[in-house]
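Accompanying notes for the structure given below.
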Amino acid sequence: MLLYTKRRRYPACGGKPQRALSRSAAEQVRRARAQGYSWQAIAGALEISKQAVHKKYGRR
């Protein structure tokens with residue numbers, strides 16, 4: 001049995017899948033807001049609270 005001790009690399013996203021997903025989610029939230037979706041609708045789609053989505057993706 002072969003065990004992997006090192007993290008696998010993901011060349012399509014520069015080896016950092018979590019960072020790429022985070023950027024992608026942020027872009028989707030920006031687009032949804034630009035199209036007029038409410039924070040409540042976006043939060044429902046992400047299955048988190050409205051306050052959490054606003055805190056994470058709201059303008060600073």
Side-chain angles (χ1 to χ4, degrees):
M1 184 171 173
L2 181 61
L3 297 176
Y4 291 97
T5 57
K6 292 185 178 181
R7 253 176 65 181
R8 289 185 181 173
R9 302 295 290 178
Y10 297 86
C13 56
K16 309 238 186 278
Q18 188 65 31
R19 189 177 296 159
L21 288 174
S22 180
R23 276 191 233 132
S24 176
E27 180 61 30
Q28 291 298 320
V29 170
R30 278 193 296 273
R31 286 181 184 174
R33 289 295 295 159
Q35 292 177 5
Y37 285 92
S38 67
W39 287 113
Q40 186 67 42
I42 296 167
L46 296 175
E47 298 180 350
I48 59 176
S49 72
K50 179 177 78 168
Q51 292 81 5
V53 76
H54 189 265
K55 182 177 180 180
K56 186 171 183 176
Y57 299 108
R59 293 188 186 215
R60 295 181 175 109

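Below, all heavy atoms of this structure are taken into account, side chains as well, without hydrogens, waters or symmetry copies.
Taken from NZ in Lys50 to CH2 in Trp39, the straight-line distance is 11.0 Å, to the nearest 0.5 Å. Atom NZ of residue Lys56 and atom CD1 of residue Ile48 lie 6.5 Å apart, to the nearest 0.5 angstrom. The line from NE2 of His54 to CD of Gln40 is 12.5 Å long, rounded to the nearest 0.5 Å. Interatomic distance, Ile42 CD1 to Arg30 CZ, rounded to the nearest 0.5 Å: 11.5 Å.
Of all the heavy atoms in Tyr57 and Ala25, the pair that sits closest is OH-CB, 3.5 Å. Taking both residues in full, the closest heavy atoms of Ser38 and Arg33 are given as CA-NH1, 3.7 Å, listed atom of the first, atom of the second, then distance.
The 12-atom threshold is exceeded at CD of Glu27, counting heavy atoms of other residues, nucleotides or ligands nearer than 6.0 Å.
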